[in-house]
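Notes to accompany the following structure.
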Amino acid sequence: MMKKAIISSAIICSILLVGCSNNDVLESELEAALSQETISSELQNELIASITEETELDSESLAIMIDGGVDEYTVSVGFPNDADSDGEMIQKLVEEVIQDLSETEAATEDKIVMKIKVEQY
C-alpha cells in the first residue's frame, strides 16, 4: 500500500514538473576558429557586452555557461522570462560575437564546433 502511494506521488510530481517547464530552448551550431585561450578569457565578456548593449538586459540577469573540450563547445545563455528581449535576437548576437572573435583570431586555423543554446528562465 505504501509502495503504491510513493510511486503514485512520484508520477504525479513528474507530470506536474514537466507541465510547468514549457520554456523553449533555441539551439544552433556553427564552426569557428577560436583558441581555447580566447574561449576561456574573452568569449563570456564579449557576450555580456554585446547582449547588454543591444538589449535592455543587464549583466546580472544573464546566465552564461561555456562548456566543452578540444573540438566542441556549448555556449548556453539564459535570460529572464519577463524580459522584453527575444530569444532569436540573443541567439543571433551570440553567433555574431563568435564569428567576430573567429575573424580576429589569426593564429588558429583549426575549426571547432560551437553549439549555442538560448533559454528563458
Side-chain angles (χ1 to χ4, degrees):
M1 181 70 176
M2 187 67 155
K3 189 175 183 180
K4 284 185 180 181
I6 292 173
I7 293 172
S8 297
S9 298
I11 291 172
I12 291 172
C13 288
S14 297
I15 292 170
L16 290 175
L17 289 175
V18 169
C20 292
S21 63
N22 59 357
N23 293 341
D24 293 329
V25 177
L26 300 175
E27 296 185 22
S28 64
E29 188 175 296
L30 60 105
E31 286 189 351
L34 294 174
S35 67
Q36 291 182 1
E37 296 161 2
T38 301
I39 292 171
S40 62
S41 65
E42 295 180 37
L43 182 57
Q44 185 166 355
N45 293 337
E46 292 292 327
L47 288 172
I48 291 171
S50 177
I51 293 170
T52 56
E53 185 177 299
E54 297 292 326
T55 65
E56 62 185 38
L57 298 170
D58 62 346
S59 62
E60 293 183 14
S61 66
L62 294 172
I64 298 176
M65 185 179 77
I66 302 169
D67 186 32
V70 178
D71 294 336
E72 183 176 292
Y73 281 87
T74 301
V75 178
S76 301
V77 179
F79 63 101
N81 273 333
D82 60 352
D84 290 335
S85 300
D86 184 357
E88 291 179 10
M89 183 174 114
I90 292 177
Q91 183 179 24
K92 287 179 184 176
L93 290 171
V94 172
E95 290 174 357
E96 289 173 7
V97 167
I98 292 171
Q99 289 172 345
D100 290 346
L101 285 174
S102 182
E103 289 172 4
T104 60
E105 187 85 21
T108 303
E109 294 180 12
D110 295 333
K111 299 274 185 179
I112 57 172
V113 175
M114 300 293 292
K115 292 185 177 184
I116 301 166
K117 296 181 180 182
V118 177
E119 180 178 14
Q120 287 184 301
Y121 60 84

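For the residue pair Tyr121 and Gly78, the shortest heavy atom distance occurs at CE2-C, 3.4 Å. Ile98 approaches Ala32 most closely through the heavy-atom pair CG2-CB, 3.7 Å. Of all heavy-atom pairs spanning Leu57 and Pro80, the tightest one is CD2-CD, 4.1 Å. Between Phe79 and Leu62, the closest heavy-atom pair is CB-CD2, 4.2 Å.
A donor-acceptor pair is defined here as one N or O able to donate and one able to accept, closer than 3.5 Å; such a pair exists between the side chain of Thr52 and the backbone of Ile48.
Partners of Leu47 by side chain to side chain contact (heavy atoms under 4.5 Å, CB included), not counting sequence neighbours, listed by chain and number: Leu43, Ile64, Val75, Val94, Val97. With sequence neighbours excluded, no residue forms a side chain to side chain contact (heavy atoms under 4.5 Å, CB included) with Lys92. Residues meeting the salt bridge (charged side-chain N to carboxylate O under 4.0 Å, His left out) test with Glu96, sequence neighbours left out: none. A search for salt bridge (charged side-chain N to carboxylate O under 4.0 Å, His left out) contacts involving Lys115 returns Glu72, not counting sequence neighbours. Residues passing the side chain to side chain contact (heavy atoms under 4.5 Å, CB included) test with Thr38 are Leu34, Ser35, Glu42, Leu101, Glu105, sequence neighbours excluded.
Rounding to the nearest 0.5 Å places NZ of Lys111 at 5.0 Å from OG of Ser102. Remark: Gln120 CD to Asn81 CG distance equals 5.0 Å, nearest 0.5 Å. With values rounded to the nearest 0.5 angstrom, Glu95 atom CD is found 4.5 Å from Ile116 atom CD1. Here Ile39 contributes atom CD1 and Ile112 contributes atom CD1; the two are 3.5 Å apart, rounded to the nearest 0.5 Å. How far CD of Glu29 is from OG1 of Thr74: 9.0 Å, rounded to the nearest 0.5 Å. Between atom CG of residue Leu26 and atom NZ of residue Lys117 there is a gap of 12.0 Å, rounded to the nearest 0.5 Å.
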| task | Under the side chain to side chain contact (heavy atoms under 4.5 Å, CB included) rule, what do Tyr73 and Ser40 come out as? Steps first, then yes or no, please. | result | CA-CA 11 Å; Tyr73 281 87; Ser40 62; over 6 Å; no

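Few gaps surround CD on Glu27; more than 12 heavy atoms of other groups in view lie less than 6.0 Å from it.
For residues 48-71, the set of pairs meeting the salt bridge (charged side-chain N to carboxylate O under 4.0 Å, His left out) definition, not counting sequence neighbours, is empty.
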